[in-house]
Asks: 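This is the structure, below, for whatever I ask next.
Everything numeric here is computed off the predicted structure, so don't read it as measured data. Proteins get letters first, then strands, A, B, ... in listed order; numbering begins at 1 in each.
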Number of protein chains: 2
Amino acid sequence: MRLRICTWNVNSVRLRVEQVARFVAEQQPDVLCMQEIKCQAPEFPREAFEAMGLPHLAIAGQKGWHGVATASRLPLEPGADWGACREGHARSVAVKVQGVEIQNFYIPAGGDIPDRTLNPKFDHKLDFLERLSAKAAAAGPKAPLVITGDFNVAPGEFDVWSHKQMLKIVSHTPIELAAIEKLRASAGFVDLVRETTPDPTKLFSWWSYRAADFRASNRGLRLDHIWATPALHAQAFAGRGAEARIHDDVRAWERPSDHAPVIADLAL
Amino acid sequence: MRLRICTWNVNSVRLRVEQVARFVAEQQPDVLCMQEIKCQAPEFPREAFEAMGLPHLAIAGQKGWHGVATASRLPLEPGADWGACREGHARSVAVKVQGVEIQNFYIPAGGDIPDRTLNPKFDHKLDFLERLSAKAAAAGPKAPLVITGDFNVAPGEFDVWSHKQMLKIVSHTPIELAAIEKLRASAGFVDLVRETTPDPTKLFSWWSYRAADFRASNRGLRLDHIWATPALHAQAFAGRGAEARIHDDVRAWERPSDHAPVIADLAL
DNA sequence: GGCGTTCACG
DNA sequence: CGTGAACGCC
């Protein structure tokens, strides 16, 4: 079977249900991992997701900020909580579906100053990444595991509109690049979108709301990722390469999220 | 010629331009008197009104609150400012069109407690009404004058969903009923909607947002009025009665104002 | 620039 | 309930 996994920072699920419903109708993901739902679990628009054909929900919500949820066409089992957030924010939710564990993360943005001694938010981001690395290493490359979400890091030179300029900006600083590479290497994860479309093609999944015309300036970043362990990758893409892409057309819809959805198709 | 005058508390003109454009396209008012535009004059969506065929504008705006504007198909001359608002709010704008003076008011709501000694907002409302009465008396019954707007008073027993219950509620208390009757009598104004549809037919132009289904509960008030002096009434409705009505269907549109527009057709 | 918050207002 | 305001966050 095909398992279509999607990650999307929706920037308020209540405000964006219609766009989510349209995207789900058009692309038919089997599992939709959302970040920044910005509501508590009881406020989550369950009925709308039932109507979309994604009735199985795992929600980690909190008031106003952050919040993640995974919605599925197929029944979900709970996954292990990796306890990555030292601040107690609702930034991760784990599920198991069709024998695959899917860890859905909203990694802290990290504020403006890329110095962990000066900026507690940046310290928190790095701490979060370090905790993920430890858990992923413990899981190992043979686990049938996907980690996905808004990682708030653009890992590669071709994941930012200007590598040179972005090296000074939180999301692409050398310390973050080292931390995200350490996370990737911890279980040998394969970045499915980048495997599908290798360097040097530039790929972005986020564009600031501040640009009048995001297409024209195209100052994007690739912050949203779907990573598979080597064992799962071998199983899901036996012989072929990964099939994953960013649906950047969605960023041009009416009242969009600042993030575009990302889809990967696993053959299980 | 027919002069179609409309009054409408739009509750934010910037948020409601589309509904205003639809209503103007459907009903073709010649003069549209708006209240609660909730913006400063430079923020007023002039282009949208030009596109609607109402390019002539008289705007009294302020930041965030209140604000009135009169938009016209025909050129406007400025009318005399009656200086009714002691607080300096943008609550009135006066124009002359086709020889008729149109005074557009957003009379203060007056807070919750109907006691001028305890509640400065209620005192302000009564002061505003008293100042209007003095100015209207000075203008006299022979002036070609319309006063219109959101008066925030339901003057008659059949202008409220429950006369008995509303007598204790600001907008229909005995002291307000006396003040609004004094204003009416000051120049012998004719209430064009009530003349068109006499007592005991209940007529409302406002329904609270708080009711889930405003039609079902129908706890409305008639707060929005178009009043003509006797001389203008005699000229505009010679022989016949007035032709004025409340477009309450608009209250059921998507994202509506809590007030419905009111139209009167004058034959000049 | 577009989300959430709390607040005042109607 | 649904507008504005000011503020925090990304």
Asks: In terms of the angle between their ring planes, are A:Trp227 and A:His225 parallel, tilted or perpendicular, with boundaries placed at 30° and 60°?
Replies: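 The arrangement is tilted - the two ring planes meet at 30° to 60°.
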Asks: Between D:dT3 atom C1' and B:Gln19 atom CD, what is the distance in whole Å?
Replies: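 Nearest whole value for this atom pair: 13 Å.
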Asks: Would you call the rings of A:His89 and A:His124 parallel, tilted or perpendicular, taking 30° and 60° as the class edges?
Replies: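 Ring orientation of A:His89 relative to A:His124: perpendicular.
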Asks: Answer yes when A:Arg251 and A:Asp258 have at least one side-chain N-carboxylate O distance shorter than 4.0 Å, and no when they do not.
Replies: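 Salt bridge between A:Arg251 and A:Asp258, a charged N being under 4.0 Å from a carboxylate O: no.
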Asks: Please encode protein proximity along nucleotides 3-10 of chain C as a string of B, S and -, counting only heavy-atom distances under 4.0 Å.
Replies: BS-S-BSB
Asks: Taking the side chain from A:Gln35 and the backbone from A:Asn9, do they hold a donor-acceptor pair closer than 3.5 Å?
Replies: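 Yes, because the side chain of A:Gln35 sits within donor-acceptor range (under 3.5 Å) of the backbone of A:Asn9.
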Asks: Just how far, in rounded Å, is C1' of D:dC9 from CD of A:Gln62?
Replies: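 In whole Å, D:dC9 C1' and A:Gln62 CD are 13 Å from each other.
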Asks: Side-chain polar contacts of residues 18-27 of chain B - donor-acceptor pairs under 3.5 angstrom, sequence neighbours left out - could you list them?
Replies:
{"from": "B:Gln19", "atom 1": "NE2", "to": "B:Glu254", "atom 2": "O", "distance (Å)": "3.0"}
{"from": "B:Gln19", "atom 1": "NE2", "to": "B:Arg255", "atom 2": "O", "distance (Å)": "2.7"}
{"from": "B:Arg22", "atom 1": "NE", "to": "B:Glu26", "atom 2": "OE2", "distance (Å)": "2.9"}

Asks: Measure the distance from CG on A:Leu221 to C1' on D:dC10 and round it to the nearest whole Å.
Replies: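 Roughly 12 Å, once rounded to whole Å.
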